[in-house]
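These numbers were taken from a predicted model, which means no experiment stands behind them. Residue numbering restarts at 1 for every chain, and letters A, B, ... go by the order of the sequence lines.
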Amino acid sequence: MVHAMPFEPVILFFLLGLLAGLARSDLKIPAVLYESLSIFLLLAIGLKGGVELARQSLAELILPALVIVGIGAALPLIAFPVLQRLGKLSRADAASLAAHYGSVSVVTFAVGAAYLASVGQDYEGYMVVFLVLLEFPALMIGVWLARRGQGESPLGKVLHEVFAGKSIVLLVGGLLIGWLAGADGIKPLDRLFFDLFKGLLAIFLLEMGLVAASRFGDLRRAGTFLLGFAVTMPLFAGTLGALTASLLGLSVGGAALLATLYASASYIAAPAAMRIAVPEANPALSIGAALGITFPFNLVIGIPTYYWLARQLEGVV
Amino acid sequence: MVHAMPFEPVILFFLLGLLAGLARSDLKIPAVLYESLSIFLLLAIGLKGGVELARQSLAELILPALVIVGIGAALPLIAFPVLQRLGKLSRADAASLAAHYGSVSVVTFAVGAAYLASVGQDYEGYMVVFLVLLEFPALMIGVWLARRGQGESPLGKVLHEVFAGKSIVLLVGGLLIGWLAGADGIKPLDRLFFDLFKGLLAIFLLEMGLVAASRFGDLRRAGTFLLGFAVTMPLFAGTLGALTASLLGLSVGGAALLATLYASASYIAAPAAMRIAVPEANPALSIGAALGITFPFNLVIGIPTYYWLARQLEGVV
Amino acid sequence: MVHAMPFEPVILFFLLGLLAGLARSDLKIPAVLYESLSIFLLLAIGLKGGVELARQSLAELILPALVIVGIGAALPLIAFPVLQRLGKLSRADAASLAAHYGSVSVVTFAVGAAYLASVGQDYEGYMVVFLVLLEFPALMIGVWLARRGQGESPLGKVLHEVFAGKSIVLLVGGLLIGWLAGADGIKPLDRLFFDLFKGLLAIFLLEMGLVAASRFGDLRRAGTFLLGFAVTMPLFAGTLGALTASLLGLSVGGAALLATLYASASYIAAPAAMRIAVPEANPALSIGAALGITFPFNLVIGIPTYYWLARQLEGVV
Amino acid sequence: MTMQPTTTSATPPLASYTRRTLLTVICEASIEGRVAADARRLGAHGYTASDARGWGQHGTRDGGWPLSGNVRIDILCEAAIADAIAGHLQANYFASYAMVCYLSDVSVLRSDKF
Amino acid sequence: MTMQPTTTSATPPLASYTRRTLLTVICEASIEGRVAADARRLGAHGYTASDARGWGQHGTRDGGWPLSGNVRIDILCEAAIADAIAGHLQANYFASYAMVCYLSDVSVLRSDKF
Amino acid sequence: MTMQPTTTSATPPLASYTRRTLLTVICEASIEGRVAADARRLGAHGYTASDARGWGQHGTRDGGWPLSGNVRIDILCEAAIADAIAGHLQANYFASYAMVCYLSDVSVLRSDKF
Ligand SMILES: Nc1ncnc2c1ncn2[C@@H]1O[C@H](COP(=O)(O)O)[C@@H](O)[C@H]1O
Ligand SMILES: Nc1ncnc2c1ncn2[C@@H]1O[C@H](COP(=O)(O)O)[C@@H](O)[C@H]1O
Ligand SMILES: Nc1ncnc2c1ncn2[C@@H]1O[C@H](COP(=O)(O)O)[C@@H](O)[C@H]1O
Ligand code: NA
Ligand code: NA
Ligand code: NA
């Protein structure tokens, strides 16, 4: 049975934002609060992962990391021809969308982890390492897909944009600090980074609801193909994630989280990178699909589904 | 005996802001921090009320709600002729001031609740429902008073302004989320919304002190009539509130809070609504009176007085 | 043995910011978040000091305060001729730098206190009173040094700038509130001001790392003399501080903190005051030295050294 | 002040410019949405706004508080439309709101946009 | 660049405009208060400010830190007053502060305000 | 609209002004860094930016979200340089980015700065 999720309170904050946006409320989350919250969430996720990583032998992570990144890199390569041929999208748009769906969403991951905590399901704490690793490859592939056979390639710019980009600096920085300091060293910071995590995630989701509502308009231009893609792609990628995780022997929680990662579409790192590397792609299409449809879909339906899937696969593969 | 309040620390923050403002300090609370804090406070008050509401039979609230809103709606109707005749104010100014004093101040309510907590006095948790209900009627009445016999009436605009306005969206949204999730569902959010409430209220009051200081200049134009009104009206309304509560059989704490609600003057929702619906009213008058006098008066003198009154009335009515 | 400090997590946040800045990451801490955090830190430090002060007989503080301020006032007078003669700096630049190094840095103090807490070393809670007292004299002396024999002196402006400046208002305001309310009265605010202190200090230091990185460019103009001064001066002043504290019979922790105060260079109050009172001084020199060198030096090397020194002097003087 | 408009500009005609009017409105932040909607209705094809603070006839508006913030609105359009918008603002807002508005002549690229 | 000021504007004379000077000052945020006070003393009847960042002779001022922020100040006034303020700024701030200032001609409504 | 540029300004020649061109660019915040670098490369000696929001051909950009913010960039320079920058922006950004740019004539003090 799929666990119903709508009453998980952080999701309710997202719905509140969505409704307020659709009702044209004057409620606005100041842009600076949004930025401050995302700095907090990225650092907190990194720190938590780092503390878990300190308990782990790094050597044992190499093989799973390679498999997870390798299979993850297949996602944009599968999505691209579908978008270009079936969706009749321009090469640039197809490549940009492939990059968005191949990369990952940090907040979807955070909600997934919160969901598992609320149903009392453990998971491997080092999953956040895969979150970091899965952020890049799809962006590189997206740029390559858009530029194939066109000579000039701004890969260097994209590499700098991504590696020196704030999400990676904060995630990796938090990871390293958590790893160096360990659970004991981090203890005096727990009150901020761990105790307040869920509350601040709730406020962040309120804002994401408002933003998602403002993106619904973009979807009209998108057409039904893209609407279908924005729901089918996460289900496909989520299934692939759950299978990969079972293959690697991850726990049920780990499988649900890897499925969530594969299924999630980036709406922070990818739009920023694509805007610079593939400017002729229409950002309204990719952000509209990733944020207007896939993000809410994953929050309300996707995550419980991936968890259900992970439990079905337990012991099977 | 009236409980002395000046040493309640949140009030001290207000006084610090007031003094800093009067001393022309360069201390400024960034506008974005003000907005972020008010988003937090509104959500937190809503959530807390919602959790309490979940413990309550809604049907039992209908009668008290009707009485409380009905008597509350009398306040602007009483204030208007006083302001127009005795105060010799223009119809627009009198109507706008009536709306401000008929509506309620969320932060005054929060300080009242903090005061009761600090003197160890319980109160009905669902009082926040009345806070929400009391926000509107006076605004409608104010617009009607200003526009009577003038044909065009922007009531529709005001209705949207208020119902889709951010204070109501956040208060009602928090109320619904708290009600749906219940105390257990909200638990992971407690660390943010409940534990930090008083500390963040203190910082908010620091800013309100700065703003109140900057409004003292407006008061010079106001004249002594308005100064007297800004102190007499809350005392009158507070007494009416304590009486109404005793009549309805609310607890001493509930009576003190209802008195505080009636006595408080709105300085967020009302100014915004009046600026749009009654633009010819001078906002310096109403904000100067509500924020420059009534707000500090209620904080330092009013709230302990209403509590004292509520205890006197206990068992009497 | 000097306690190694690099793994103290708050320092790691500073290093993360420094690295991100040097790698030209697009990571930015919004200016408003910086301001909000500094409001928080100043209030929290003040409150903590006030609570400790309430446990103290004020009369006993008068003598140590006079000695500490007197010796502290010697620092800019010693630094000025060194800067002017040896450093061949203009009178304005020498005076401004003397003021920066004679005054104190609140954040260095906070990191010093966090360091002592993490090594389990107690200290006199009222040290924050000296922090407040040490902020002014050097600024006055700096203005006097720059203006000597020039007739017009903007001391009045500087006095207002400093006393009504936001750092003093918040520190002294917090001190007074903490003192009036006492540990019990402050308790409901502990969750914000004390529990979150270290986590928010970490985020503040992340930003300071970014700012320090952006100041490295200024150092090229500064020349080697200034680089040497920015390291020698804190060591000299720190030693003087440890000696003074031992003389006054402060605890080891108190001596380490007084050394840290003397050794720290102001980069908030001093730049603001000098910009107005000594505009012909080049702010790039003083901020570059204070923030680009002395601040990181104190964080990583200075504070453990002063603590080591304080322990050596224990029982000796 | 040497504001001789007859001085011919030395710029080479690399890009082709057209004269348009820039209407700037400084007003209370609370009516930004209405001014923007009015401008659109009266024919503007775009608009830009930034937060501002200041003082004038209606006293100090320091932006330290949502209700005391100003906004600066720039609308680039044909002179006739700028005039229509300015006239509309004068008729509807000048009496009751803190507001200033002025026009300047500018040279735009891609004149079809405005 | 076709900046021919002789082109007559097609706007109908719906509202009545007057020529005024717009003085724009871009400077360090730390002296905003003093510039505003000076402008008031020299005869300005209003002023508007917004936060800004930038670079110039005094290096980069990215606004990421209170001390590195700029501010953009606009003052609408009669030409003589603009000139007096500009002269005052030149005499008192140009040597020691990051500051830029320039004037443009604009058409205002309600000329009595400025 | 009485925009007669032949009206001579009444300002006394207290300070000495020079005519310069003010290039204003309103564009997506994400390309601010590139526009600034381009301007520097093409000869600008300074630049100023502020956050903005707005709407135009590319829809609404309300700044409520980092990716939907605009920026307003002002560059004061000689007419030829303004023209070169405007031409460069037209060639490189107009097709793919939300962007507006326009020029105006202003009088500057300290003309050597620009
Ligand atoms: N002369 C002026 N120069 C620049 N800005 C002004 C001027 N007068 C008014 N303003 C701006 O317009 C707003 C409203 O003006 P007012 O209606 O005169 O209070 C003020 O808060 C200022 O931001
Ligand atoms: N040529 C220019 N164009 C636009 N803004 C400028 C220019 N030069 C300087 N500025 C602005 O004025 C500030 C101070 O200039 P400066 O005194 O040249 O450093 C800079 O930080 C910029 O924001
Ligand atoms: N006619 C206009 N007047 C003022 N600002 C405009 C105008 N058109 C566009 N803008 C600004 O330039 C940005 C990009 O314009 P666009 O490329 O037309 O979408 C918009 O988001 C507005 O901020
Ligand atoms: Na994905
Ligand atoms: Na009331
Ligand atoms: Na010092």
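D/Arg72 touches chain F through its side chain: at least one heavy atom from C-beta onward sits under 4.5 Å away, while N, CA, C and O do not. For D/Ile73, no part lies under 4.5 angstrom from a heavy atom of chain F. Heavy atoms closer than 4.5 Å to chain D are found nowhere in F/Arg61, neither backbone nor side chain.
Contact record, F/Trp55 with D/Ala36: CZ2-O, 3.8 Å, taken as the closest heavy-atom pair.
In this structure, D/Val106 and F/Leu103 have side chains that are not in contact, with every pair of non-hydrogen atoms separated by 4.5 Å or more.
In this structure, CD1 in F/Ile26 is found 6.0 Å from CG in D/Asp74, a value given to the nearest 0.5 Å. Atoms CG and OG, on D/Asp105 and F/Ser104 in that order, are 9.5 Å from each other to the nearest 0.5 Å. Taking OH of F/Tyr102 as the reference point, atom CZ of D/Phe114 lies at 9.0 Å (rounded to 0.5 Å).
Interface with chain D: from residues 44-53 of chain F, residues F/Asp51, F/Ala52, F/Arg53 qualify, criterion being any non-hydrogen pair under 4.5 Å.
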